[in-house]
Structures are given as C-alpha cells and as structure tokens.
Amino acid sequence: MLQVYLVRHGETVWNAARRIQGQSDSALTEKGEYQARQVGERARSLGITHVISSDLGRTRRTAEIIADACGCGVTLDARLRELNMGVLEQRPIDSLSEQEEAWRRTLLDGTVDGRIPAGESLAELAARMRQALNACFDLPAGSRPLLVSHGIALGVLIGTLLGLPAHAERRLRLRNCSLSRVDHQQSAWLAQGWVVETAGDVSHLDLPALDELQR
Ligand SMILES: O=C(O)[C@H](O)COP(=O)(O)O
C-alpha cells in the first residue's frame, strides 16, 4: 500500500505578518526553520525515501531541511504550488476592500469557477494537486514519499480526497510544518483508492504553530 506524507512548509515572514502569499514568496522565519528541523526528524523516523516539493522558496527551504534529515534529495514539482491568488498577493489579510473581499469569498462559498482576478480557481488547484499526488505511483515499489506544499493546496487535496467540495478546505486547519498522511488501498471493505490516515498532526512540534488565521 502506497503511503504518502504531506507537510505544509515552515512559518514564513508573511505568515507571521498576516500577508497573503499565494505564489509570491517570503523567507522562513527562525521559528519556521526550527519547525522544519523538527518535522525533518519525524520524517527520518518514518523512513521517508523521497522528498518532492513545490518550487516556491518557502517550500524548497523546508524540503531541503527535511531531505537532509532523511538522507535523500529534493525533487521539485510546480503542481504543488499554493493557489495563485492573483491581484491580492502580497496584500495584508486585513487590508482588503469590500470588493476585494467579495472576490476572495467566491473561493470560500463554492461559486463555480470562483477566483480572484488574475488568480486560479479551487477546481484548477484540486486537479493539479491530484496529478502531483498520483505521480507518486511512478516511484519505485516500496517508496515512502513526502510532499511539501501549502495550506490551501493541501487543504483542497485532502478535502477532495474525502469527497468534499474544494472550498471545504477552509474547515481544515493545516498549521505550519503539520504532517498529514494519505494511503492508496485496495480494500474491498473501505473506500477503494486514496484514504486519509492523518490530517494536520503537529505532535512533533514543541512550539505553537500558526494556522491560516495566524493563531
Ligand atoms: O497566504 C496564502 O497564500 C495562504 O493563505 C497560505 O499559504 P502558505 O501555506 O503558502 O503559507
């Protein structure tokens, strides 16, 4: 049975400052680097064989730290990037106008093809994240991969694997350097295909980790 681990990157400067990142980027904070080392130790104990990461800076840095702990390299996959949040990227979360907030709400309320201008829809995000997950089938038999990605991207992936609409991702708290696991199984009794074993585990972190509300 293929088990795939999913990690959200460590805390960044803009996470802490409550600024929208999307496919823009900011560096890991000192705490984010520390979180990455902690999840790296957890990954080493799990016998991770492959680390595959979004090509944005914050995920690449997190992946490098994890891969060092596991004694493997890092493979980049742009399909694991965060949702493209268009014209609102780099903006403080609390600075949005009523119109801008209305754009963002179309991502949260299930509006068909809802998106921020110049951004990506959750359906488009879900499709590419599933492609990146299914690419793990091409790894050698017995591999134990770990994917490094982002809050909305991983929330959409996990939610849609559960059969929920993509916008349910707002109800899943995936904190910085949280660990999730999905398994692909052939059990006739449970659901065929991908099942969610763990979502948002932070038991390996000894300091509180930020979520989307920076709590
Ligand atoms: O700021 C964003 O784009 C998202 O809310 C969180 O993105 P991240 O998981 O890449 O920090």
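Whatever order the structure lists them in is the order used to number ligands and atoms, beginning at 1.
Classification of Asp55 and Arg81 as a salt-bridged pair holds, one side-chain N sitting under 4.0 Å from a carboxylate O. A salt bridge does not link Glu82 to Arg58: none of the charged side-chain nitrogens sits closer than 4.0 Å to a carboxylate oxygen.
Cluster membership check: Leu179 does not share its hydrophobic cluster with Val196, using side-chain heavy-atom separations under 4.5 Å among Ile, Leu, Val, Met, Phe, Trp and Tyr.
Residue Asn15 has at least one heavy-atom neighbour below 4.0 Å for each of these atoms of ligand 1: 11 (O). Each of the following atoms of ligand 1 lies closer than 4.0 Å to a heavy atom of His9: 8 (P), 9 (O), 10 (O), 11 (O). The distance from ligand 1 to the heavy atoms of His150 drops below 4.0 Å at these ligand atoms: 9 (O), 10 (O). Near Gly22, meaning under 4.0 Å from any of its heavy atoms, are these atoms of ligand 1: 2 (C), 3 (O). For ligand 1, the atoms lying closer than 4.0 Å to a non-hydrogen atom of Ile20 are 1 (O).
Residues forming a side chain to side chain contact (heavy atoms under 4.5 Å, CB included) with Arg144 (at least two apart in sequence, or on another chain): Gln3, Tyr5, Ile48, Thr49. Applying the side chain to side chain contact (heavy atoms under 4.5 Å, CB included) rule to Leu80 yields the partners Ile52, Ser54, Asp77, Met129, Ala132, Leu147, Ser149; only residues at least two apart in sequence or on another chain are considered.
Looking only at side-chain heavy atoms (C-beta outward), Leu161 and Arg130 come within less than 4.5 Å of each other.
Of the polar atoms of Met85, none of the N or O atoms is found under 3.5 Å from an N or O of ligand 1, judged by distance alone.
Nearest residue to atom 4 (C) of ligand 1 from Arg58, Glu82, Gln23, Glu89 is Glu82 (criterion: closest heavy atom).
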